[in-house]
Structures are given as structure tokens and as C-alpha cells.
Protein chains: 2
Amino acid sequence: MTAITTDALSASMENYLETIFLLVRDYTVARSKDIADRLKVKRSSVTGALQTLKERGLVNYEPYGYVTLTETGTAVASKVLRRHEALRDFFVNVLSIDPTEADEAACRMEHGISKNIVNRLLDFAEFVETCPRAGAKWIHGFGYHCQDHAQDADACERCITLCLRDVAQDKTKGMETNMAIPLSELKPGEKGQIEGMAGGGAVKRRIRDMGVTSGSLVEVVRVAPMGDPLDVKVKGYHLSLRREEAADIQVRKVTGH
Amino acid sequence: MTAITTDALSASMENYLETIFLLVRDYTVARSKDIADRLKVKRSSVTGALQTLKERGLVNYEPYGYVTLTETGTAVASKVLRRHEALRDFFVNVLSIDPTEADEAACRMEHGISKNIVNRLLDFAEFVETCPRAGAKWIHGFGYHCQDHAQDADACERCITLCLRDVAQDKTKGMETNMAIPLSELKPGEKGQIEGMAGGGAVKRRIRDMGVTSGSLVEVVRVAPMGDPLDVKVKGYHLSLRREEAADIQVRKVTGH
DNA sequence: CCCATAAGTTAGACGAAACTAACTTTTGGA
DNA sequence: TCCAAAAGTTAGTTTCGTCTAACTTATGGG
Ligand SMILES: [Mn+2]
Ligand SMILES: [Mn+2]
Ligand SMILES: [Mn+2]
Ligand SMILES: [Mn+2]
């Protein structure tokens with residue numbers, strides 16, 4: 001009888017899950033050897049870890065077999081990865097840290113950061129990339145934007161409205177007008193600010209439930225070979241959209257630094 | 001024979017050092033019981049830690065005696081504390097996180113952050129508080145400001161010059177002119193932007209060596225009872241200035257949010 | 001189809017960091 | 001001054017995560 005404990009995972013176990021998640025994502029299945037190589041531990045350490053992760057109900061594992069994540073394992077690993085990426089992207093995009101150093105530090109720090117801080121960090125990075133013309137008000141704007149609940153859509157919207165007005169007023173400095181286009185037209189690596197979502201309920205609701213509103217930044221991470229499922233990142237969450245669904249989301253392209 | 005290893009300290013040992021540093025700072029001496037209470041461990045665990053820290057040459061400790069830090073112990077503890085405060089202050093001042101939560105997360109994350117990232121984080125927080133009118137250029141400005149070496153004083157100065165010009169142009173919005181005053185006139189908690197340093201070599205050099213230039217933010221952390229040594233923070237470093245020395249440093253007061 | 005090699009497992013050890021229980025030393029209030 | 005309680009230490013245990021060494025299993029090129 002496996003007594004699935006509900007205790008918090010150790011940093012080490014989180015790293016195993018994260019690594020398995022990435023291997024499964026790229027190769028559909030994780031092999032012990034590859035986990036060992038990535039984590040720079042010996043194969044026997046991996047066996048041990050897999051046994052305890054199995055006991056906890058987080059991995060599907062049979063001696064000598066391939067490894068995958070259970071449903072809860074996937075959920076946990078995604079959270080770890082979100083923390084990792086929130087930190088790494090902040091370090092790279094905002095602090096201009098070298099990607100390798102950023103990645104390594106992120107993977108050490110991801111185990112100690114709290115939920116609130118991840119969310120704020122993501123909001124802040126978004127604000128920074130999104131709101132370059134807020135002028136003297138910009139840091140006030142962010143403070144307001146955060147106060148009480150980061151989830152408060154009204155506060156976000158008010159703030160973004162101000163920013164957009166400032167951007168509009170900026171024509172004098174020769175900024176071209178930026179037309180809204182469907183999300184499906186962005187190429188991998190490009191980011192857009194959500195303008196509105198036409199069409200159906202399901203995706204719209206899924207996205208809304210993550211705290212995404214007009215003004216949120218979306219990044220197209222990658223597009224599958226046939227151009228169909230788009231891997232998209234919003235508020236640090238990865239989600240997979242069908243091209244058709246993405247076409248219903250209007251965005252204004254945000255050009256990086 | 002104490003074989004003082006040079007290996008990196010574990011997170012746990014860093015926490016002990018940090019705690020001892022703070023106790024010594026407040027009470028001149030640290031007692032085992034208080035270390036145990038602050039770190040939420042049993043007294044016997046503290047004894048064990050003190051023994052290994054002593055072997056490493058980081059604490060002055062004799063059984064049943066009070067604990068202080070050696071010179072190297074103090075140096076190491078200061079670095080840990082700087083990382084802690086860089087994170088905590090960023091969380092509180094920039095991300096608007098609740099101070100308690102910020103402090104706890106900072107103490108978990110401080111062990112994994114790298115030197116470069118601490119410095120960038122401090123610069124960024126400073127930039128954010130200092131440069132509210134950089135307009136569309138502000139994030140570019142920070143990128144530029146950081147590129148190659150954060151130490152590049154020219155880049156900093158160029159960037160700050162631009163910001164100051166923008167601030168000056170802002171009179172239309174009713175910003176009062178902000179006279180430069182001596183650092184010694186700031187009250188605890190107040191911050192100023194360094195305008196210039198008159199007078200003698202010693203302090204000036206000490207401060208310059210830390211990468212502090214015109215435009216850097218200085219915070220008066222606290223003033224000793226008699227008003228004399230001021231505990232001042234620049235670039236995340238704490239330093240103690242005599243009132244006389246502080247009087248030679250001209251600053252423009254920066255008003256918080 | 002065989003077996004050399006790669007991949008995976010087991011057993012046993014180790015160090016770090018905590019704990020409990022039992023002890024010794026210190027200390028301050030009656 | 002004395003001694004009970006507080007503070008500190010010691011010894012022995014536990015858990016975790018890693019390692020090495022020796023083994024078992026899987027596999028693919030000849
Ligand atoms: Mn990690
Ligand atoms: Mn990671
Ligand atoms: Mn800590
Ligand atoms: Mn700390």
C-alpha cells in the first residue's frame with residue numbers, strides 16, 4: 001500500500017520531476033540515463049529517486065522501464081517549471097543576465113520562491129515590457145496594479161488604459177500605429193498584447209481563468225511542424241492552442257528591446 | 001590542527017552565520033539559545049553547527065561561551081546579508097510584497113543567487129526608484145546601463161544624465177526643484193541620490209571602490225543615539241559614516257512612492 | 001541468434017543536518 | 001550562599017541524498 005504523503009517536495013525531488021517533464025516533452029518518454037546526465041548524478045541515484053517519486057504517486061515507473069509523469073506529477077512539474085521560467089525570463093529579459101547563468105540561478109532559486117512572488121514577478125516583467133511610456137506614473141502604476149489582488153482585473157485594465165493612452169500620444173516621436181492582428185500570425189519568439197478575444201467560450205474561459213485579460217502579454221513559444229498546435233505562454237503558463245483558436249485572439253505585436 | 005576548508009558553505013551554515021551576525025550587531029554577542037530560537041532548531045543542533053563553523057575559522061567559540069564572528073566570518077555573513085536584503089528590498093519596494101513573506105522567501109533564495117544577479121538586481125531597483133521619467137527609453141536605458149560591465153561608470157552617468165534632464169523638463173507637471181543637501185540631513189529611512197562628494201580622500205575612495213558614482217542611491221538606515229555614526233546603505237553595502245563625513249556628501253532627496 | 005556493451009538495479013557506506021534523551025555547567029533569586 | 005531552573009553539551013538516532021562497487025537485464029551489430 002503506497003502511503004502517498006502530502007508533504008512538500010524537497011528541492012531534489014522537484015528537480016527530478018522538472019527534468020522528467022522536459023525529457024517527456026521532447027522525447028515522449030524519459031530514460032534513467034538521460035535524467036542522470038541532465039542532473040549530473042549517477043544512475044543509481046536516479047533509481048532511488050524514481051522509487052520515492054513512484055511511492056508518492058508522481059511518476060509511472062516500472063524497473064527497467066521508461067519513465068513518464070502521472071497526472072499529478074505533471075501538475076507539480078509544470079508549477080516548478082513556471083517558477084523556473086519566471087525567474088530565468090526576468091533575469092534575462094529585465095536584468096540582462098547571460099542566459100546560462102540566469103538558467104542555473106533560476107534552477108537553484110525556484111525551490112524557495114513563493115506563489116505570490118512568482119505572480120508578481122511575472123506581472124512586473126509584463127508591465128515593464130508592456131508599459132514603456134508610463135512616464136513618471138509607471139512605478140505608481142505598478143504598485144496600484146498590484147495592490148490588494150494582482151488578480152483585480154479592473155486595476156490592471158485601468159493601468160493599461162493609461163499606458164496605451166500614453167503610447168497613443170507618442171506619435172510625435174514617430175511611433176508607427178500598431179494594428180491588432182490575430183495571435184496566429186505571430187512567429188515563435190514574438191510577443192503580443194491581447195486586444196480582445198472573438199468567438200467561442202471554451203478557450204476564452206480557460207484563458208480568463210488564468211487571470212488573463214485585455215492587455216496581457218502573450219508569447220508564441222513554438223509552432224508545431226504542421227503549423228497547428230501553437231505553444232503559447234501567458235502569465236507564465238504554457239498552453240497549447242489550435243491555430244483556429246489562436247486566430248480568434250486579437251493582439252498588438254510588442255517589439256522587444 | 002584546524003583544516004580550514006575553502007569549500008562553499010551550505011545554506012544551513014550560511015543561515016547560522018547570518019543569524020549570528022544579526023545577534024552580534026544588536027547585542028554585541030550571540031547566545032546559543034537565541035540562535036536556536038531564531039532558526040527554529042534545537043539547542044543541540046546549534047552546538048553542532050558552532051563546532052563546524054569554528055573548525056572552518058568563521059566563529060569565535062568556546063564551549064559554554066558566547067559566540068562572535070571572526071574577521072572572515074563577518075565578511076562571509078555580510079555577503080549573505082547583502083544577498084538577503086537585495087532580494088527582500090526588491091520584493092518589498094518593487095514588487096510590493098508583504099514584508100514578512102518577502103523576508104522569508106529572500107532567506108530561502110539568498111543561497112542560490114549569483115553575484116552578478118545580486119548586483120544587477122540592486123542596480124535595477126535603484127534605476128526604478130531613481131529614473132521615473134525615463135519614458136520610452138527607460139528600459140533601454142537600463143539595458144545599456146548594464147551592458148558589458150555594470151561597473152562601467154560612464155554608462156551609468158550617461159544614463160543618469162538623460163534621466164535628470166527628463167526630470168528637469170518635467171517642471172510643466174509641477175515638480176518642485178529639488179535642492180542638493182548634505183547626506184547628514186537625511187533622516188533614517190530617507191533616500192538620496194548622490195550629487196557629489198566634497199572633501200577628503202579616505203571615505204571618498206572607500207565609497208568609489210564600491211562602484212558608487214554620482215547618481216547612485218544612498219539610504220540612511222539608522223543614526224546612532226548621539227547622532228553620530230550613520231548607518232548608510234549604498235549598492236546593497238552597509239557602511240558606517242561619521243556625521244562629519246556624511247556632511248561632505250551632497251544628495252538630492254528621493255521621495256518614495 | 002549471440003554476446004559485448006550499455007542501461008538499470010541493488011546493497012552498503014557516507015556526510016550533512018536535524019532530532020531526542022540524558023548529561024553538565026552556569027546563573028540569578030531567595 | 002545555595003540550588004533549581006535555564007542554558008549548553010554529548011551521545012546516539014533518523015532521514016535524505018548522494019556515492020561506489022558489484023550485480024542483472026536489455027539490446028543491437030555482426
Ligand atoms: Mn531547481
Ligand atoms: Mn529548474
Ligand atoms: Mn537563508
Ligand atoms: Mn537570510
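Naming convention: chains lettered A, B, ... in sequence-line order (proteins, then strands); numbering from 1 in each chain. Basis for what follows: all heavy atoms, side chains included, without hydrogens, waters or symmetry-related copies. As the structure is a computational prediction, the values presented were derived from the model and not from experiment.
Regarding R31(A), its CZ atom lies at a distance of 12 Å from the C1' atom of dA26(D), rounded to whole Å. The CG-P distance, from D37(B) to dG8(D), rounds to 10 Å in whole Å. The distance between atom OH of Y64(B) and atom P of dA6(D), rounded to the nearest whole Å, is 17 Å. Atom P of nucleotide dT24(D) and atom NZ of K33(A) are separated by 22 Å, given to the nearest angstrom. The distance from atom CG of L50(A) to atom P of dA7(C) is 16 Å, rounded to the nearest whole Å. Taking atom CZ of residue R43(A) and atom P of nucleotide dA22(D), one finds them 15 Å apart after rounding to whole Å. What separates NZ of K42(B) from P of dT14(D) is a distance of 18 Å, to the nearest Å. Here the P atom of nucleotide dT25(C) and the CD atom of E62(B) are 15 Å apart, to the nearest Å.
Put simply, the side chain of S32(B) and the base of dT9(D) share no donor and acceptor less than 3.5 Å apart.
Remark: S44(B) is not in phosphate contact with dG8(D), judged by side-chain N or O atoms under 4.0 Å from OP1 or OP2. A close approach under 4.0 Å does not occur between any side-chain nitrogen or oxygen of Q51(B) and OP1 or OP2 of dT9(D). The phosphate of dC16(D) has neither OP1 nor OP2 within less than 4.0 Å of any side-chain N or O from T52(A). Contact annotation: S45(A) side-chain N/O to dC19(D) OP1/OP2 distance is under 4.0 Å.
Residue whose closest nucleotide on DNA chain D sits further toward the 5' end, between M13(A) and P63(A): M13(A). Each of S12(A) and Y66(A) lies near DNA chain D, and the nucleotide nearest S12(A) is the one positioned closer to the 5' end.
Checked against the 6.0 Å centroid criterion, the rings of Y66(B) and Y27(B) do not qualify as a close aromatic pair.
If you check every strand for non-hydrogen atoms under 4.0 Å, Y61(B) touches sugar and phosphate atoms only. Backbone-only engagement by Y16(B) is indicated by non-hydrogen atom pairs under 4.0 Å involving sugar-phosphate atoms exclusively. In this structure, S10(A) reaches the sugar-phosphate backbone alone: every heavy-atom distance under 4.0 Å involves primed, P, OP1 or OP2 atoms, never a base. Counting non-hydrogen atoms under 4.0 angstrom, T47(B) reaches a base of the nucleic acid.
Using modelled atom types, one side-chain atom of R243(B) and one backbone atom of G227(B) make a donor-acceptor pair closer than 3.5 Å.
Here the rule is side-chain contact (heavy atoms from CB on, under 4.5 Å) with L58(B), and of I20(B), T52(B), L17(B) only L17(B) fits it.
A donor-acceptor pair shorter than 3.5 Å cannot be found between the side chains of N60(B) and T70(B). Using modelled atom types, one finds a donor on one side chain and an acceptor on the other under 3.5 Å when comparing N119(A) with R82(A).
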